[in-house]
Amino acid sequence: MKRKWEERLKKVEELASHYERNPLPPVYRPKLSKPFLPSSVWKIFCRQAEAFSYVKTCKEDVHVFALEKNTQSGQRFYLVTTYKELWFYYTKGYKTSLMHCYEVIPEKDACKLYFDLEFYKPANPDADGKSMVAKLIELVSQKLKELYDVNCSAKDVLNLDSSTDEKFSRHLIFLPQKTVFKDNFHVGNFVRTILQPAIRLMESKAAAVIPEGVGHVFQCSAGRVGLDGSLTNLTAAEDASKGRPAIAHKAKHMETSHQGKNLELSFLIVNDKEGDKQLFVDLGVYTKNRNFRMYKSSKAGKNVILKIAEDNKFVPNCEENVSLEEAYFLSSLICNIRAMDDTKVLSSGFSEEERKTSAFLNSKTTGSSRDSMEGYQDSPYPEIDYFVRSLVNKDGVQGGKDHFTVYK
DNA sequence: CAGCGCTACCACACCCC
DNA sequence: GGTGTGGTAGCG
């Protein structure tokens, strides 16, 4: 009897000693993985740059998330952790501050094709958001096929909704198998390019003047890139009017051959609060280190979260030990790329750095904006043409003839 | 001590008809 | 009035 007591006492003392040597952290954090797996990473920074430099020192697969303070002041801080661990606390509600959580899309990381869609309902009483989303998915899928030979349909598109009575608001995440974009800027280049006809249409509506005889050509493999790095569309009429050697033969051919297939894009144009025209697709999200609100998060000061849309058609393949909800979460993350050998990496035009460099050169050498250059094969400065082509070729396959590129 | 990265917009200078 | 530039309020 006494012997048993002594044994128990000894065990308690050992346990006490163990906890003295290994004190509990101030915040309860159960082990998420087997002991032999990497230990947890959960670190918060006031500055984004500090968060990114910490990520570089981590061997774990960690990512930067932006957390909005509930004060609605717009102030944010930055969390570094793994997807797994974030999901654990995110759903368990251990930390209420995770309610307003944003994925930071690093400027040079591969990412998925994604869209931020919105319109103000009172200004667009006749707009049918669901049908607009369906049309957009159809359009984007058609362009993915044309430009990259990538197959995609509505069942490959995760459709998240955070609409209110006032505003129709969606996030679309395209998930054709094993296909990603080189980075956020390349996504932006692609999106701006395929929506160019709608942008021009909108501008002409805003100006209330529709220029005569101006058709717009979708720039594809044989296309040209403006010296300023923008994706410029060649117009046969403009070219001829400037009396320059026309290089629009192929483009003109493409225009006619695709005309029947091209979808009508006017459905993308909506009214904003002031009654001006704007696009249903927000083109302002394809920028450096963009914060993108996450599945099940709300904006600070609001309680509307992003949830699976009623008309969502995407269902993730559930891997072992992953709930359906977690699988949706992982699918919704723009930079959650499982890089395989057979992953297709799509690119479109310049990277941001290259765009800035050539824009700088353009302004310093010609002293004018893109207008003077549009529609020309060569600038008056061969050295610069050579330099710009070298930038383009870096992105292309087989000498860089292709502006839209697929890596394997 | 502490958010970030734009862009549309404005004021102003300078030029030229 | 046309055009370039520098600074910033406010948006996403």
Side-chain angles (χ1 to χ4, degrees), chain A residues 43-55 63-80 97-109 111 114-120 123 160 162-164 166-173 183-189 191-192 195 199 202-203 206-207 228-230 270-294 297-302 304 306 334-335 350-353 355-357 359-373:
Chain A
K43 215 158 160 56
I44 287 168
F45 301 87
C46 291
R47 302 291 193 166
Q48 184 179 260
E50 293 171 22
F52 275 117
S53 56
Y54 179 70
V55 166
H63 302 266
V64 179
F65 304 90
L67 307 178
E68 227 170 11
K69 295 191 172 159
N70 6 21
T71 52
Q72 210 181 347
S73 65
Q75 200 167 13
R76 294 179 182 197
F77 52 99
Y78 299 89
L79 166 68
V80 176
S97 58
L98 292 181
M99 281 172 61
H100 319 298
C101 195
Y102 296 74
E103 180 181 7
V104 180
I105 303 169
E107 60 174 320
K108 55 175 191 29
D109 280 19
C111 64
Y114 68 99
F115 290 85
D116 182 22
L117 307 176
E118 55 183 45
F119 64 82
Y120 182 59
L160 301 179
S162 66
S163 297
T164 64
E166 285 266 286
K167 221 168 106 178
F168 181 90
S169 172
R170 297 267 179 127
H171 285 185
L172 299 186
I173 298 105
D183 63 43
N184 198 26
F185 297 112
H186 287 261
V187 176
N189 291 338
V191 173
R192 280 185 294 270
L195 299 186
I199 295 167
M202 178 181 60
E203 284 166 355
D228 64 349
S230 66
V270 294
N271 304 310
D272 65 12
K273 283 184 184 178
E274 286 75 39
D276 294 325
K277 299 294 180 188
Q278 66 169 39
L279 280 194
F280 175 45
V281 176
D282 182 353
L283 297 177
V285 297
Y286 308 108
T287 56
K288 186 181 182 183
N289 299 330
R290 164 64 42 178
N291 288 195
F292 207 54
R293 187 153 57 95
M294 297 199 324
S297 263
S298 59
K299 288 182 183 172
K302 309 258 175 87
V304 184
L306 275 156
I334 306 302
C335 297
F350 288 91
S351 72
E352 183 62 2
E353 197 178 320
R355 189 190 68 76
K356 280 179 178 163
T357 306
F360 171 80
L361 267 177
N362 187 34
S363 67
K364 291 303 166 196
T365 54
T366 69
S368 70
S369 62
R370 74 186 67 160
D371 291 348
S372 62
M373 305 307 300

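Heavy atoms only: backbone and side chains are in, while hydrogens, waters and symmetry mates are out. Model, not experiment: these values are computed from the prediction. Residue numbering restarts at 1 for every chain, and letters A, B, ... go by the order of the sequence lines.
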**Request:** Grab the CD1-P distance between A/I199 and B/dT7 for me, whole Å please.
**Result:** 13 Å
**Request:** State, yes or no, whether a side-chain contact exists between A/D282 and A/L117 at a heavy-atom distance under 4.5 Å.
**Result:** no
**Request:** Quickly work out the A/R47 CZ to B/dC1 C1' distance and round it to whole Å.
**Result:** 7 Å
**Request:** Ignoring hydrogens and angles, tell me if any N or O in the side chain of A/E103 forms a donor-acceptor pair with the backbone of A/C335 under 3.5 Å.
**Result:** yes
**Message:** Rounded to whole Å, how long is the line connecting atom CD of A/E103 with atom P of B/dC4?
**Reply:** 19 Å
**Message:** If I take atom CG in residue A/L283 and atom P in nucleotide B/dT7, what distance separates them, rounded to the nearest angstrom?
**Reply:** 11 Å
**Prompt:** Would a 4.5 Å heavy-atom cut-off, applied to side chains only, mark A/H63 and A/V55 as touching?
**Reply:** no
**Results of ring-ring contact (aromatic ring centres under 6.0 Å, His included) for A/F119 - residues two or more places apart only** = A/F168, A/F280
**Message:** Could you check whether A/E50 and A/Y78, counting side-chain N and O atoms only, form a donor-acceptor pair closer than 3.5 Å?
**Reply:** no
**Prompt:** Looking at the side chain of A/C46, which of B/dG3, B/dA2, B/dG5 is the nearest nucleotide?
**Reply:** B/dA2
Tabulated below should be each protein N or O lying under 3.5 Å from an N or O of nucleotides 10-12 of chain C; please produce it.
from: C/dG12; atom 1: O3'; to: A/D282; atom 2: OD2; distance (Å): 2.5

**Message:** Rounding to an integer number of Å, can you tell me how far A/K43 NZ sits from B/dA2 C1'?
**Reply:** 16 Å
**Side chain of A/K288 (C-beta onward), nearest among B/dA2, B/dG5, B/dG3** = B/dG5
**Asked** Rounded to whole angstroms, how far apart are CG on A/D276 and P on B/dA8?
**Response** 13 Å
**Message:** Less than 4.0 angstrom between a side-chain N/O of A/N289 and OP1 or OP2 of B/dC4, yes or no?
**Reply:** no
**Message:** For a quick check of understanding: with a heavy-atom distance under 4.0 Å over all strands, which category does A/F45 fall into, base, sugar-phosphate or nothing?
**Reply:** nothing
**Prompt:** Atom OH of A/Y54 to atom P of B/dA2: distance rounded to whole Å?
**Reply:** 24 Å
**Complete:** Heavy atoms of A/C101 and A/L67 approach each other most closely as SG-CD2, 3.5 Å
**Asked** Which residues satisfy the ring-ring contact (aromatic ring centres under 6.0 Å, His included) test with A/Y286, sequence neighbours excluded?
**Response** A/Y114
**Asked** Which one, B/dC4, B/dA2, B/dG3, comes nearest to the side chain of A/Q48?
**Response** B/dC4
**Message:** If I take atom CZ in residue A/R192 and atom P in nucleotide B/dT7, what distance separates them, rounded to the nearest angstrom?
**Reply:** 9 Å
